[in-house]
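In what follows, a structure is listed as structure tokens, so that the remarks can point back to it.
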Amino acid sequence: MPVLDKDTDEKPSWADLVEEGEEDHIPPISEVLNGDTKIVTEFKRNEDGKLLKIVRTFKIEKKQVSKTIAKRKLWRKFGDAKSDGPGPNPSTTTVTDDVFLILTSNKEDLQQDNDDPLKKLGQSTQKIVQCRICKGDHWTTKCPYKDQLEVIQAQVKEDEAAGAAGAAPGAPGAAPGAGEQPAASKTGKYIAPGLREGAANRRGESMPRSQRDESATIRVTNLSEDTRESDLQELFRPFGPISRIFLAKDKITNQSKGFAFINFVHREDAARAIQSVQGFGYDHLILNVEWAKPSTTQQ
DNA sequence: GATGAGCGG
């Protein structure tokens, strides 16, 4: 900018004045290129006023520098480095190794990511999920053997409790980590106590179904769009304790879909609710209430 | 006229 240039030319900064005063007879820093070596010669005055010549030799690695970056060498320096020559001043600047950024969104990388799973699947379009129980291609929670697993877990828990109480003579695996190995079959595969030969079938004895009890769930349809969960709560509370209310809503718009599920604690209460609220006029609409079918994901 | 959502790995 011409205006700035004028200013700086006419009124050098205090720092520059001091520098100039000190440097009156000091030759400027110079760089000489000699093949792949750069020799930088600098003169300095030490504390005693003696002139020192500092020669630094740099080995230049041949690199491809883009034109845009090379142009920066021509930029006018400012501040304390105003009088420095082009390029980095070795007395104030350390040039380190290049740091390369690894861009993970690289197209090639993405391509590779796509390739790998395909290889794994052996060109099939199979789902990638694998059941931990039976190795089938469904989630573990959807496994047909899941109930059995529940029994195993329940049995293990029971045994742990029995062992901790110090009772139950002959109960194996008193506590995990007690140095005792769990009982193993001839094949070395672990078999839960409840499933071992001679064990009584105690399926479902101690553990309640992990799934929500849907036997006391009713479905309410023909709700007006501005019905809220709290409204349903008020409407059905008189019949008995409610464990859950689900009002179907559009995930994105949050708009009510006009039907809801009410989980009562007691099935009798649910039955009475159906009896009473069925055909009930609510918000200019007539409600429809009936037993809910188990949800799609219920087993 | 509509039978929920989302969690894992």
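Below, chain A is the first sequence line, B the second, and so on; all start at residue 1.
Rounding to whole angstrom units, CD1 of residue A/Ile245 and P of B/dA5 are separated by 17 Å. Between A/Arg244 atom CZ and B/dG6 atom P the separation is 12 Å, expressed in whole Å. One atom, CG of A/Leu247, and another, C1' of B/dA5, lie 13 Å apart when rounded to the nearest Å. As a whole-Å value, the separation of A/Trp139 CH2 from B/dG9 P is 8 Å. For the pair A/Trp291 CH2 and B/dG4 P, the computed distance is 19 Å after rounding to whole Å. If you take CG of A/Asn222 and C1' of B/dT3, they are 15 Å apart, rounded to a whole angstrom. For A/Ile286 and B/dG1, the CD1 to P distance is 12 Å, given to the nearest whole Å. Remark: P of B/dG1 and CG of A/Asn288 are 10 Å apart, rounded to the nearest angstrom.
Members clustered with A/Leu223: A/Ile218, A/Val220, A/Leu232, A/Leu235, A/Phe236, A/Phe239, A/Ile242, A/Ile245, A/Leu247, A/Ile262, A/Phe264, A/Ile274, A/Val277, A/Phe280, A/Tyr282, A/Leu287, A/Val289, A/Trp291, by chain and number, using a 4.5 Å side-chain heavy-atom cutoff among hydrophobic residues. If you chain together ILVMFWY residues whose side-chain heavy atoms come under 4.5 Å of each other, A/Phe246 ends up grouped with A/Phe259, A/Phe261. Its side chain outside the 4.5 Å cluster rule for every partner, A/Leu285 clusters with none of the Ile, Leu, Val, Met, Phe, Trp and Tyr residues.
Applying the salt bridge (Lys or Arg N to Asp or Glu O under 4.0 Å) test to residues at least two apart or on different chains, the pairs with a partner in residues 257-270 of chain A are A/Asp269-A/Arg272.
Where stacking is scored as ring centres under 5.5 Å apart with planes under 30°, A/Phe261 registers as stacked on the base of B/dG4.
Where A/Cys131 and A/Glu290 meet DNA chain B, the nucleotide closest to each residue was compared, and A/Glu290 sits on the side nearer the 5' end.
Phosphate contact (OP1/OP2 of B/dG6, side-chain N/O of A/Lys251, threshold under 4.0 Å): present.
Side-chain atoms of A/Lys142 lie closest to B/dG8 of the nucleotides B/dG9, B/dG8, B/dT3. For A/Phe246, whose side chain is taken as the heavy atoms from C-beta onward, the closest listed nucleotide among B/dT3, B/dG9, B/dA5 is B/dA5. Closest to the side chain of A/Thr221, out of B/dA2, B/dG9, B/dT3, is B/dA2.
At the heavy-atom level, A/Lys249 lies nowhere under 4.0 Å from the strands shown.
Against DNA chain B, the stretch residues 223-238 of chain A makes no heavy-atom approach under 4.0 Å.
Between the side chains of A/Asp231 and A/Gln233, no donor-acceptor pair is found at a separation under 3.5 Å. Side-chain atoms of A/Gln130 and A/Asp137 include no donor-acceptor pair closer than 3.5 Å.
Checked by distance alone, A/Arg132 brings no side-chain donor or acceptor within 3.5 Å of a matching partner on the base of B/dG8.
A/Thr92 is linked by a side-chain hydrogen bond (donor to acceptor under 3.5 Å, both in side chains) to nothing, counting only residues two or more places apart in sequence or in another chain.
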